[in-house]
Amino acid sequence: MTDPETLDERPLDGQVAIVTGASRGIGHAIALRLARRGARVACVATRVANAEGTAGACAEHTDGARAFGVDVSDTGAVADLVGTVVKEMGGLNLLVNNAGITRDQLLLRMSEEDFDRVIGVNLKGSWNFIKASTKSLMKCRGRIVNITSVVGLIGSPGQSNYAASKAGVIGMTRSVAKELAGRGVCVNAIAPGFIDTDMTAALDEKARGDLLGSVPLKRMGTPDDVAAAVDFLAGPSGGYITGQTMVVDGGLSL
Ligand code: NAD
């Protein structure tokens, strides 16, 4: 894959992007990649202090990167944050809904709280940002990229809450794509497979070994493998693609 060091075209110069869950992992890689492409990135994490490292790294490549803190499941706080970004960063061209959590447990042992929290962060959190961003995105024929998961397509034992949230994101992506197509806003999802981040580091050795054994390309994905797909959908190449789910999984879901 392309080495980010060699990304010298800046098709996103002058654009403003929001990336949620930008403190680490996939969100960090996405924010940095968009900054290298010229975007001014609003890096969002649960706490502002957690997003400052990513915003600092982005600032080496673009002017005006900022760190923000919000719980994505809080509808009112998300609306306020998006309003601040639009006002203080000069509009909004791209929204990347990446924040997500797992609370894995077999169905019979899963608590209602763990079901609700995962739906609240992964699905409602994405809806909150889409709703708050749509008016601004319609003004500039902007883009939305939602990070879902192959688990939303193929399911996974112990992840009924997570799979439901991610399948919901895919359905929401298609619906919003149809709603906003007339305004020139492209809305897509990316479904990563087994990516090397803190989220998958939490899996035990056996689960990691089993998962890796089922990846035809015989390696875990990197956060930048996912960031490259966001880059494609956010840039000039993605202008005639909407309502799709791009699977970035080394063949895991085949
Ligand atoms: P991670 O745990 O390393 O990072 C998650 C990010 O989301 C962090 O920045 C965290 O602060 C943020 N976050 C969590 N809850 C939040 C909340 N309530 N409000 C605001 N921010 C919140 O995870 P990752 O592996 O980088 O995953 C990023 C996205 O990719 C998630 O949506 C995840 O479901 C998805 N994904 C990951 C994998 C994988 O293998 N790692 C596979 C498929 C999909």
Side-chain angles (χ1 to χ4, degrees), residues 17-35 37 39 41-46 50-51 54 70-73 78 94-103 118-133 137 142-154 156 159 161-177 185-200 202 220-235 238 241-250 252-253:
I18 290 177
V19 179
T20 70
S23 66
R24 63 187 199 190
I26 294 170
H28 173 87
I30 292 169
L32 201 53
R33 183 110 175 179
L34 296 175
R37 293 302 207 180
V41 186
C43 304
V44 181
T46 317
N50 297 344
T54 302
V70 79
D71 180 339
V72 298
S73 70
V78 168
L94 169 65
L95 167 66
V96 183
N97 278 309
N98 166 79
I101 57 168
T102 51
R103 285 199 182 172
V118 170
I119 297 288
V121 173
N122 298 2
L123 179 55
K124 189 178 171 198
S126 299
W127 183 84
N128 284 339
F129 267 93
I130 292 170
K131 187 167 165 65
S133 302
L137 294 171
R143 307 267 171 91
I144 299 173
V145 180
N146 298 315
I147 306 300
T148 174
S149 168
V150 288
V151 170
L153 296 168
I154 63 176
S156 168
Q159 294 198 301
N161 51 358
Y162 185 75
S165 72
K166 294 300 191 179
V169 167
I170 292 169
M172 182 168 67
T173 299
R174 291 189 178 137
S175 295
V176 177
V185 179
C186 294
V187 186
N188 292 289
I190 292 171
F194 187 29
I195 311 296
D196 193 6
T197 68
D198 290 349
M199 184 179 272
T200 44
M220 291 179 80
T222 66
D224 209 52
D225 286 326
V226 181
V230 176
D231 186 5
F232 176 79
L233 289 172
I241 302 172
T242 198
Q244 302 305 305
T245 298
M246 184 188 284
V247 178
V248 181
D249 71 347
L252 172 65
S253 59

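The shown structure was predicted, so the numbers you read here are calculated from the model rather than taken from an experiment.
Residues satisfying the side chain to side chain donor-acceptor pair (under 3.5 Å) criterion with Thr148, sequence neighbours excluded, are absent altogether. Shown here are the side chain to side chain donor-acceptor pair (under 3.5 Å) partners of Asp249, two or more places apart in sequence or in another chain: Ser253. For Asp71, the salt bridge (charged side-chain N to carboxylate O under 4.0 Å, His left out) partners two or more places apart in sequence, or in a different chain, are Arg117. Every residue two or more places apart in sequence or in another chain that forms a side chain to side chain contact (heavy atoms under 4.5 Å, CB included) with Ala99 is listed here: Thr20, Val72. By the side chain to side chain donor-acceptor pair (under 3.5 Å) test, Ser133 pairs with no residue at all, sequence neighbours left out. When the side chain to side chain contact (heavy atoms under 4.5 Å, CB included) test is applied to Ala39, the partners found at least two apart in sequence or on another chain are Leu12, Ala17, Leu34, Val41. Residues meeting the side chain to side chain donor-acceptor pair (under 3.5 Å) test with Asn97, sequence neighbours left out: Asn146. For Gln159, the side chain to side chain contact (heavy atoms under 4.5 Å, CB included) partners are Thr102, Asp104, Val151, Ser156, Tyr162, not counting sequence neighbours. Every residue meeting the side chain to side chain contact (heavy atoms under 4.5 Å, CB included) condition with Ala177, not counting sequence neighbours, appears here in chain and number order: Val187, Thr242. Partners of Arg37 under the salt bridge (charged side-chain N to carboxylate O under 4.0 Å, His left out) rule, at least two apart in sequence or in another chain, are Asp231.
Within the 4.5 Å cutoff, no side-chain heavy atoms of Leu233 are placed close to those of Arg143. Here the side chains of Asn188 and Cys186 are in contact, with some heavy-atom distance below 4.5 Å. Taking the side chain as every heavy atom from C-beta outward, Val230 and Val96 approach each other to under 4.5 Å. Contact check for Trp127 versus Val169: no side-chain heavy atoms found under the 4.5 Å cut-off. Looking at heavy atoms from C-beta onward, Leu153 lies in side-chain contact with Val247 at the 4.5 angstrom threshold. Residues Ile190 and Val145 meet the side-chain proximity criterion, which asks for heavy atoms closer than 4.5 Å. Between Ile147 and Pro192 the shortest side-chain heavy-atom distance falls below 4.5 Å.
Paired with Ile195 under the rule side chain to side chain contact (heavy atoms under 4.5 Å, CB included), one option of Thr200, Asp224, Thr222, Val226 passes, and it is Val226.
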For residues 25-32, which side-chain N or O atoms pair as donor and acceptor with protein atoms under 3.5 Å away, sequence neighbours left out?
| from | atom 1 | to | atom 2 | distance (Å) |
| --- | --- | --- | --- | --- |
| His28 | ND1 | Thr54 | OG1 | 2.9 |

Subject >> Check against side chain to side chain contact (heavy atoms under 4.5 Å, CB included), Val70 and Thr46 >> reply: CA-CA 5 Å; Val70 79; Thr46 317; over 6 Å; no
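With hydrogens and angles left out, the side-chain atoms of Ser165 and Asn122 include a donor and acceptor closer than 3.5 Å.
Here Phe232 contributes atom CZ and Ile241 contributes atom CD1; the two are 4.0 Å apart, rounded to the nearest 0.5 Å.
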